[in-house]
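These numbers come from the heavy atoms of this one structure, side chains and all, not from hydrogens, waters or symmetry mates.
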Amino acid sequence: MSPQRIDGGGGGVTDDNTAPTPPIPFRDETSFLLAGEELLPSTTSKTEDDTTITSPLLRQSISSPHPLLSPPRQIPNPYGWMRDESRTNTTVLDHLHAENEYGQQVTAHLDGLREDLYQEFLDTIQQTDYTTPALKPSVEGGTSYWYYARFEEGESYPRYCRAPQISADDLYPPPVNEEWDQKIMNNSNNETSFPPLLPNEEVYLDVPAMARNKTYLAVGTIAISPNNKYVAYSLDEKGGETCQLYVKHFETGKEWVLRSYGSGSNATDEGPEPLECDGGVIWNDESNALFFVTMDDTHRPYKLYRRQVFDSDGQWIDVENQEEDDELLLEESDELFTLLVSKTFDGKYLIARSLSKESSEVHYLDLRPSVGDEKDKTETASNKLVCIAKRQPKVLYRVTHCQGYWLVQTNMGGLPNLSLKACHVGEEGMSNWKDVVSSETDTPVFDGGHERSLDGVTIFNPATDDESPSPLAYAAVYGREEGMPRVWVLELNEAESATAKDLTVSRLTRLEFDETAYDVGLGSNRDPSLPYVVISYDSLVTPPSHIAIPLSNPVNLDARRVLKEKEVPGYDKESYACERTMVMSRDGKTEIPVSLVYHRDVLLERGNGAIPTHLYGYGSYGASIEASFRATRLPLLKRKVVYALAHVRGGGENGRPWYDEAKYLTKKNTFNDFVDIARWLVGDEAGDDSSADGPSIGKGITTPNKLSCEGRSAGGLLIGASLNQQPELFSAAIFGVPFVDVCATMIDASIPLTVAEWEEWGNPNEERYFDYMMSYCPMQNVQNGAVYPSCLITGGLHDPRVQASAFFEFNKFDVHYWEPAKFASELRHRASSESGPVVLKMDMDSGHFSASDRYKYLRELAFEYAFLLDTLGHS
């Protein structure tokens, strides 16, 4: 049936001066979905020979020990008709357009404020800018280049550039042209342009030119060939995160697109249809072949291929002239697992990782086999692929190559965090992994305990004077300690044991900084032979900078070199303050970290009433919300809004245990923590708090009518569940492409990547999880007749999935447009008429990552902040 709606007038009110009326869609109270043992709708697919296969949808993973619901249980789905996979149903599209019209009407009075905010964003952003140049050597002894990106005022996308290294002794980026940001006139065509940033600069990807006449464009991976002669890159032109691959020759500018074999009726006028993949691409060592991963029908990366793209004469190989198909190296058949491909930092090995949320398996391919290793030159790459250790339940691991060793980061043995172990390359099996220990204390440097978590390792082998002793290698390690992100520098050496050589750490140095709360990580590093590691550093009040840390003496502050500091026009750091404090949760034993940033004038207004406060949270996948700088927060802070970050359980701020305490059947801890922080902010709870400098400014700083909240993707689930728990606690809520129809999504394996998500949330088809997940699902728990805050809900018609940085890898799950659309209608239907307006803003062009255009993104942010400030009474 068609949705019926009542149109409101324009300009925020109708012609008779009444408030605009939201769309009223058809609600089918008899519509439901079934969870449990009953067969769900079947799916159809075609094989390579065009045979149609019909198969039932998966209801649980093969390895699950839990019984399915029997008999099946109903999940109410009154707005199920809004789901249209084709995105062409005129009834659905008309409803979404009506929602956008209503949103424009109800917020029309904010046009001026939106424009003010947009200009303020521009005023605090250095629109003409560049990224820190990073040196990439050539494996063939040719020219090494500095690679970087340039942004120009008025341009929505960057230009990717490079400049040659003038001298092999120039290990640090050379000084930039003093007039790099001053436009000059080109006499030949009377057009203006910016001068080169570095001598002999060349633009190799002109993304602004590529984006012309497109509604969406996102660059995926950019891979420079080892010989520095070619660039391979991927583009998403629809917002669906399905990418096409291209190769470009630096010297001539000639460009090719990778096309599919056996396109048949799908061939285009230019030849076979373009190859579609997940966006990742890796070069082989000879710069004549590419490795890439394709996706299955559910958008899951699962097949690793190798394709020869240049022949022995360096000529491009068209698929029409190619006798052999792409070589399949590895196929991941388990729907719980995703296949990711990368290359070790030294370029020697291709790494293929099969990952689920709780288990992993790693294969490697030697890209530089020695002469002795090339016993059979006709041997295919797939036959050379080696598994380091077979997957085991609940065991995660990843590897880094170090001078003939694998440095293994793993939770093997049921450890709460990842430990650091090592084995020789070629020693397969977990039984060969040994702890990497301190040579002084003979104790593991990263033991996987609660105190210190390990997130990644990068190995450097700088060239040294043969006369001076040097370690086998340096390791830049990043992880967490005391709830904060950390970077350590390790000196690695070999120690003789009774049976073999083992890796040991002769020195471990944790990098220290003046501020008590900050964000730090590894920056842009391309050359493992450099004597320094580039880190990125910022805090809630300190703009980002990239700093070169000498590996041989990381504690020498004078030897550190700031390569680039982010300029924020008009920003006065002394006008702002931040703090990190702890709030006691309702369980009486768990302290929840909270970070606050505010204008110092707020301190003068504490006694003059409630201070407007905005609370942001996420709390899933082990993703940490860091105490980092955002220039786009400044318009809020200047208006004396306190910005609070809730580091709730389900995130990774306190390592893997913090994540594990809020998944599966403990997911409600995430929502409870968020609500407890909100109650602390309004003074409802007398829970203890503590900060580095004494009592926190945050306790009791605001009231519900001055408190707003925000969450995006899985953070939208957090906001929805928190509002349903205590809707009167907030005056405004922002849901960014929210995951709010949890159970309806998680029972349906036809939705891309759902199966992999069963190891995050649980599977509501199973008895073990159904009732628990239904009890917190936002769509199923809107309180009848309750007064809800004003809600702004955003989505994208072509939004394929949510991506969030997780404890171990990037995790992705599906949030299609119909989830925010259904939730907006459910809120209006059940909540009291005294509730604030529910505005659904649906982007009819872009996908989940909002606008790929940086200026369009700022326009959208201005819309959200204007809605927020208006509700808080600060418009």
* How far apart are the closest heavy atoms of G652 and R480, and which atoms are they? -> O-CD, 3.0 Å
* Do the non-hydrogen side-chain atoms of E579 and Y598 ever get within less than 4.5 Å of each other? -> yes
* To do: With the side chain counted from C-beta on, respond yes when T794 and E864 share a heavy-atom pair under 4.5 Å apart, and no when they do not.
  => yes
* To do: With the side chain counted from C-beta on, respond yes when P727 and V787 share a heavy-atom pair under 4.5 Å apart, and no when they do not.
  => no
* Salt-bridge test for D129 and K566: reply yes if a basic N is under 4.0 Å from a carboxylate O, no otherwise. => yes
* Output yes when E99 and R828 qualify as a salt bridge under the 4.0 Å nitrogen-oxygen rule, no when they do not. => yes
* S595 versus H647, side-chain donor and acceptor atoms under 3.5 Å -> yes
* Salt-bridge present (E653, R580; N to O < 4.0 Å) -> no
Identify all side-chain donor-acceptor contacts of residues 628-635 below 3.5 Å with residues at least two apart in sequence or on another chain.
| unit_1 | atom_1 | unit_2 | atom_2 | d |
| --- | --- | --- | --- | --- |
| S628 | OG | R630 | NH1 | 3.2 |
| R633 | NH1 | S628 | O | 2.9 |

* Asked: Quick one: is the NZ or CZ of R561 closer than 6.0 Å to the six-membered ring centre of Y532, and within 45° of its axis?
  -> no
* To do: Output yes when a side-chain donor or acceptor of D870 lies under 3.5 Å from a complementary backbone atom of A866, and no otherwise.
  => no
* Check whether any side-chain heavy atom of K668 lies under 4.5 Å from a side-chain heavy atom of S775, and answer yes or no. => yes
* CD/Q783 to CG/L827 distance, rounded to the nearest 0.5 angstrom? -> 11.0 Å
* To do: Verify the neighbour count for atom CD of Q127: are there more than 12 heavy atoms of other residues, nucleotides or ligands below 6.0 Å?
  => yes
* Heavy-atom closest contact (P837 atom, V106 atom, distance) -> CB-CG2, 4.3 Å
* Asked: Do we get K841 above F863's six-membered ring, with its NZ or CZ under 6.0 Å from the centre and within 45° of the axis?
  -> yes
* **Sole candidate of D673, D676, D684 that passes salt bridge (Lys or Arg N to Asp or Glu O under 4.0 Å) when paired with R586** => D676
* Validation row: R679, V675 side chains within 4.5 angstrom (heavy atoms) -> yes
* For residues S731 and L872, report the shortest heavy-atom separation together with the two atoms involved. => OG-CD2, 3.4 Å
* Salt bridge between D572 and R600, side-chain N to carboxylate O under 4.0 Å? -> no
* Any side-chain donor-acceptor pair under 3.5 Å between T666 and N669? -> no
* Asked: Under 4.5 Å between any side-chain heavy atoms of Y478 and V520, yes or no?
  -> no
* Do Y537 and V562 have side chains that get closer than 4.5 Å, going by heavy atoms? -> no
* Pick from L615, L540, L596, V597: which one makes a side chain to side chain contact (heavy atoms under 4.5 Å, CB included) with Y643? -> V597
* Asked: How far does CE of M584 sit from CD1 of I677, to the nearest 0.5 angstrom?
  -> 12.5 Å
* Structure fact -> By ring pair (Phe, Tyr, Trp, His ring centres under 6.0 Å), Y148 pairs with (sequence neighbours left out) none
* To do: Only counting residues at least two apart or in another chain, list the ones meeting side-chain hydrogen bond (donor to acceptor under 3.5 Å, both in side chains) with K640.
  => none
* Asked: Has E178 got more than 12 heavy atoms of other residues, nucleotides or ligands less than 6.0 Å from its CD?
  -> no
* Asked: Quick one: are M842 and P820 in side-chain contact, heavy atoms under 4.5 Å?
  -> yes
* Structure fact -> Looking only at heavy atoms, the pair that brings P158 and A149 closest together is CB-CB, 4.2 Å
* Applying salt bridge (charged side-chain N to carboxylate O under 4.0 Å, His left out), name anything that partners D111, two or more places apart in sequence or on another chain. => R114
* Asked: Between W658 and E591, what is the shortest heavy-atom contact and its length?
  -> CH2-O, 3.4 Å
* Should the ring pair W180 and Y130 be called parallel, tilted or perpendicular, given that the plane angle runs from 0 to 90° and is split at 30 and 60? -> perpendicular
* Asked: What are the two closest non-hydrogen atoms of S620 and W761, and how far apart are they?
  -> OG-CH2, 3.4 Å
* Would you check, one step at a time, whether the test side chain to side chain donor-acceptor pair (under 3.5 Å) holds for N417 with S453? => CA-CA 5 Å; N417 284 301; S453 66; 4.6 Å; no
* Asked: By ring pair (Phe, Tyr, Trp, His ring centres under 6.0 Å), which residues pair with Y576, not counting sequence neighbours?
  -> Y571, H599
* **Charged tip of R560 within 45° of F513 ring normal and under 6.0 Å** => yes
* Apply ring pair (Phe, Tyr, Trp, His ring centres under 6.0 Å) to Y102 and list each qualifying residue two or more places apart in sequence or on a separate chain. => none
* Asked: Within a reach of under 6.0 Å around CD of E115, are more than 12 heavy atoms found that belong to other residues, nucleotides or ligands?
  -> yes
